[in-house]
Amino acid sequence: MSEFMPHTPDPNKISKKKQFYPVNERLRRYLREYDRAAPLPISYQDLLHFSDAYPLFDRHGRDTLWQTVVYDQSQMPLIYNGLLRIYVQLKSGGGESVLEQLSVQRVDYCTFGNSNPFRIRIVNLLNDNYDYFYFKKADASRIYGLELEHVLSPNRINYLVQDGSLIEEHIAGIPGDEFIKSYLDRPNLNKVRIAKEFVKFNERCFALLLGDMRSYNYVVVVTPDFEDEQYRVRPIDFDQESYEGRKSMYLPQYFKDNNPIVALCTRWLHTETMKQYQNEERTLLFRRIRSARYRLKDLIDCLRKDVISTPEKVQQLRHELAAHHQNQDFYQCQSMGDIVRLQLKLMVRHLK
């Protein structure tokens, strides 16, 4: 069990540009088996053929680092119709009778980060309600992260894959950096509950080896309860699934962006209480592993035979986890999949 401590002066330097890993045939079979593969009318490459772009600002006039793109009139009907059909397929399995009441309001493109996603805003013409989904390059590491999150976390993930294209449902919530800046000091915030949830989120990321949970890579979901509010922290970026070599990359508590919320945790929770919440999360993880053991086995079998990181990072991570768990079995791991399998086994070992 990791000790919950704030960021230290030794900074964690994450890889500046992560390598993309192709989706191999074994993983494609898994995606078909579990209804993740689907024929798409347009591809990620098609969306790159925009003719112009201009910066997108938020309601406070700040640059969002997204650009709203514009397509030639000759291309726009084909692209927009394809986007609407993909949205309907993602949301309702392809029933196209609702297409006439939907419209593409905006297509945004982000050049920041690794995945360079497109964010599509869909509006319902009957009531002006809007929704988003994301169009990204398919990367095996990210897909494994999405699947592990879907199978082993309390959160369900909706996405589709075809060839080099990945479609992801929008995950609603308050971005972590905005929550820390604008919500953390509010007098009505239940500080004990948000501290509890962050401790459990920290434990879950480490168990699943999901890295790079800096404050802008997760959201906080606030749910009103009959007497107070409940909180859940959800990752929204899965680029760094089992990719980095440093153990600390998989512990959100060590990212400088998260220092304010880590300080809140150490102020409002006793050490023994933190351990209790860590054990609660491991217990839930153990139950999910048992209930989804066949699907998880199929996924881990794919992952163990896949390449989603460099040999140097595999070697570094197995060394650091061997020291953390005091278990030499990590030195027998030949891939990130082997490490994930052993990590999950050890994280819930004491619960059996």
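Just so it is clear, the structure is predicted and the values come from calculations on it, not from any experiment.
Using modelled atom types, one finds no donor on one side chain facing an acceptor on the other under 3.5 Å when comparing Gln316 with Glu312. Side-chain atoms of Glu147 and Tyr30 form a donor-acceptor pair, as typed in the model, at a separation below 3.5 Å. Side-chain polar atoms of Asp306 and Tyr21 form no donor-acceptor pair below 3.5 angstrom. Defined by atom type and a distance below 3.5 Å, a donor-acceptor pair is present between the side-chain atoms of Asn258 and Tyr218.
Checking side-chain atoms of Gln162 against main-chain N and O of Ile167 turns up no donor-acceptor pair under 3.5 Å. Checked by atom type and distance alone, the side chain of Asp225 never pairs as donor or acceptor with a backbone atom of Glu227 at under 3.5 Å. Using a distance-only test at 3.5 Å, with no hydrogens or angles considered, no donor-acceptor pair links the side chain of Asn158 to the main chain of Glu169.
Taking OG from Ser153 and CG from Leu208, the interatomic distance works out to 7.5 Å, rounded to the nearest 0.5 Å. Going from atom CG of Leu146 over to atom CG of Leu210 covers 9.5 Å, rounded to the nearest 0.5 Å. For the atom pair CG (Leu83) and CG (Leu47), the distance works out to 5.5 Å, reported to the nearest 0.5 Å. Put simply, CD on Glu272 and CG on Leu269 are 12.0 Å apart, with the number rounded to the nearest 0.5 Å. Note that CD of Gln240 and CG of Leu209 are 12.5 Å apart. Values are rounded to the nearest 0.5 Å. The distance from atom CD of Glu320 to atom CZ of Phe330, rounded to the nearest 0.5 Å, is 11.5 Å.
Arg142 pairs in a salt bridge (Lys or Arg N to Asp or Glu O under 4.0 Å) with only one of the listed residues (Asp239, Asp237, Asp212), which is Asp239.
In this structure, Arg193 forms no cation-pi arrangement with Tyr231, as its terminal cationic atom is not both closer than 6.0 Å to the ring centre and no more than 45° off the ring axis. Figure legend: cation-pi geometry between Lys18 and Phe20, with NZ or CZ positioned under 6.0 Å from the six-membered ring centre and within 45° of its axis. Judged by the 6.0 Å and 45° rule, Arg186 forms a cation-pi pair with Tyr183.
Between Phe135 and Tyr44, the ring planes lie tilted relative to each other; the angle falls in the 30° to 60° range. Note: Tyr130 and Tyr132 have perpendicular aromatic rings, judged against thresholds of 30 and 60 degrees for the angle between ring planes. Using the six-membered ring where Trp is involved, Phe50 and Tyr109 have ring planes that are tilted, between 30° and 60° apart.
Residue Asp185 places its CG atom among 12 or fewer non-hydrogen atoms of other residues, nucleotides or ligands, all under 6.0 Å distant. For CZ of Arg29, the number of neighbouring non-hydrogen atoms (other residues, nucleotides, ligands) closer than 6.0 Å is greater than 12. Counting non-hydrogen atoms of other residues, nucleotides and ligands closer than 6.0 Å to CZ of Arg62 gives a total above 12. Within 6.0 Å of the CD atom in Glu229, the count of heavy atoms belonging to other residues, nucleotides or ligands exceeds 12. By the 6.0 Å contact criterion, CD on Glu100 is open, its count of non-hydrogen atoms from other residues, nucleotides or ligands being 12 or less.
The pair Lys305-Asp301 fails the salt-bridge criterion, with no side-chain N (NZ, NE, NH1 or NH2) lying under 4.0 Å from an Asp/Glu carboxylate O. With respect to Arg232 and Glu197, no salt bridge is recorded, no charged nitrogen being found less than 4.0 Å from a carboxylate O. By the 4.0 Å N-to-carboxylate-O rule, Asp108 lies close enough to Arg106 to be salt-bridged with it. Taking the charged nitrogens against the carboxylate oxygens, Lys345 and Asp329 have no contact shorter than 4.0 Å, which rules out a salt bridge. For the pair Arg288 and Glu281, the salt-bridge criterion is met [side-chain N within less than 4.0 Å of a carboxylate O].
In this structure, Tyr250 has its ring center at least 6.0 angstrom away from the ring center of His324.
Under the 4.5 Å side-chain contact rule for hydrophobic residues, Leu48 and Ile42 share a cluster. If you chain together hydrophobic residues whose side chains sit under 4.5 Å apart, Val233 and Phe179 fall into the same group.
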